[in-house]
Structure formats: structure tokens, C-alpha cells
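Here is the structure we will look at.
Just so we're on the same page: letters track the sequence lines, and every chain starts at 1.
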Amino acid sequence: MSEESPQAIRAEALESILIEKGLLTAKAVDDVIALYSERVGPLNGARLVARAWVDPQFKKQLLTDATSIVESLGFEGGQVEKLVVVENTDKVHNAVVCTLCSCYPWAVLGLPPKWYKDPAYRSRIVMEPRQVLAEMGVGLGSNVEIQVWDSSAEIRYMVLPVRPPGTQNLNEEQLAELVTRDSMIGVEVLVGVEVPGEAS
Amino acid sequence: MGKRGEIVMYHSGWVFPDTNAHGKGENPKHLYTVRFSSEVLWNKPGFAVCIDLFEPYLESVDV
């Protein structure tokens, strides 16, 4: 067992005080944890991405009015009062940050990764995104323009990644399995898949 | 002195945190996404930063 971090100890202390004072119940906390660990997660976003890859009409709607799509699908989890989806292409690479704190599109991506809240990511991605992305494994040519979206108000952003090569024969469900959380934050480029039985 | 950017999206009115968080009312303000080129922001080429900004944070300029 590793020792608990000071933050975890502080959170536990706050939780027990709030429960003691009757302001919170342990069940409410468990319900929120279960919601985000079991029912809301990056799979919601991955489904949107896969569908956009196979359905041009849906893609158009996703890029112009993602909020009503998310509403109509009834994703749980809140935190998407307005969702904007930005498209990666071979000329433009988009990445998302919240420089002020940790605003994140929970309903489509679930819980944010730890590094998303890290002051280093938040300050550097808007000053030297090419270096930060390279450090995270995304090498972009100098001809690719980077656009960083700062969620500094209530609008939440999600990236529509480029469909990886070699995926022509996959169906929507198989495509959704390829889509990672990080690719929808814009800090990963999805690589192509090896098609069994086909030599490249 | 501000930096010059381009409004790329308009999001209608939203609760203004600068008053709401201080108990001074929702005071809705127009919200825009403003795109700043890295040349303008940091004097570096090759990227842009798009920031959501409420109208009181902006000044109009002659184009």
C-alpha cells in the first residue's frame, strides 16, 4: 500500500466533516464516483467521433451544434452547458486546455486526467504547444498549424481526431474502440491499424 | 494595451462570474471566442490560442 497523498487526506477530512455536519451523505459521494467511473467516460465521446467518421451529415451537425446532439443522446454527467467540437485535419491540429483551472467536458470524456490540471500543462500548452505535444508523443510537421482552445468560460471543447489510416473496413463500433480520451483532448494522434491478413 | 484578436464564435449571453462569484448577481454578458495568433501573443510563429472572453474584457478596434 502506498501512502496517501496530502490531497487525499485533506479530501477525506473534508468529506467526514461534511458528513458529520449533515451537509453531505456518504451515499451521495459514492453515487458521483460510480457515475463517472462506470457510466460516464470517454466512450461517450468516442461514439460521437466514430459516428462522425462514418456519417458526413452527423459530422456536419457535430461540428456546428454538438450541444443539441449531446442533449438528444441524454448523456448523464452535466458540465456541458455548451459543447463545441473542433476538427483536426492534416493542416490544423486542435488541443484543449483550461488555463484558469480544470474545466473539462465531463459528459463526453468522463473524469479529466491528472496532467490536465497540472500548472505545467496549462501554462505551456498555450505558449509552446508544439514542444508540449512533441513531449506527449505528437510530432507535428511545421506546416501543421496548432490551435489551442482555452475553456476560460462555460463553453466546453472536444477534438474530433483524424480518422486513422487503414480503418476503411471497420464499422462504427470497431472505430469507437480506437478512439482514446487523449485524442479527444488533442494530445494524441491516432495511429493506423494493421489489418489482419493484409500485407502493407 | 490589449492584444488584437479575431472573434471566431459568439455564444450569446452567459452569467458573468466576475459579479456572480461575489454575490453581486448573474449580470449576463455577451460571450465570444477570440482567436489570437501566436505572433500577436508571444511573437512566435505557427499556432493560435482561442480564448472565451466576456464582452467587458474586450475593446473594439478599427479593422
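Looking at B:L31, the atoms closer than 4.5 Å to chain A (heavy atoms on both sides) all sit in the side chain, from C-beta outward. No part of A:V97 comes within reach of chain B, as not one of its non-hydrogen atoms sits under 4.5 angstrom from that chain. Residue A:S151 touches chain B through its backbone alone, counting heavy-atom pairs closer than 4.5 Å.
Here the shortest heavy-atom pairing between B:G46 and A:R130 reads O-NH2, 2.9 Å.
Side chains of A:S152 and B:Y57: a donor-acceptor N/O pair is absent below 3.5 angstrom, by distance only.
Taken together through direct or relayed side-chain contacts under 4.5 Å among Ile, Leu, Val, Met, Phe, Trp and Tyr, A:V132 and B:W42 form part of one hydrophobic cluster. Linking ILVMFWY side-chain heavy atoms closer than 4.5 Å, directly or via other members, places A:M127 and B:F47 in a single hydrophobic cluster. No path of Ile, Leu, Val, Met, Phe, Trp and Tyr side chains, each step under 4.5 Å between heavy atoms, connects A:V92 with A:M136, placing them in separate hydrophobic clusters. Under a hydrophobic clustering in which Ile, Leu, Val, Met, Phe, Trp and Tyr are joined whenever their side-chain heavy atoms come within less than 4.5 Å, directly or via other members, A:L111 and A:V179 fall into the same cluster. Linking Ile, Leu, Val, Met, Phe, Trp and Tyr residues whenever their side-chain heavy atoms come within less than 4.5 Å places A:F58 and A:M184 in a single cluster.
To the nearest 0.5 angstrom, B:R35 atom CZ is 4.5 Å from A:Q147 atom CD. For the atom pair OG of B:S38 and CD of A:E145, the computed distance is 7.5 Å after rounding to the nearest 0.5 Å.
Atom NE2 of B:H30 has 12 or fewer heavy atoms from other residues, nucleotides or ligands within 6.0 Å. Other residues, nucleotides and ligands contribute at most 12 non-hydrogen atoms within 6.0 Å of the CG atom of B:N43.
With a 4.5 Å cut-off on side-chain heavy atoms, B:T33 and A:Y157 count as touching.
Between chain B and the options A:L140, A:I155, A:D150, heavy-atom pairs under 4.5 Å are most frequent for A:I155.
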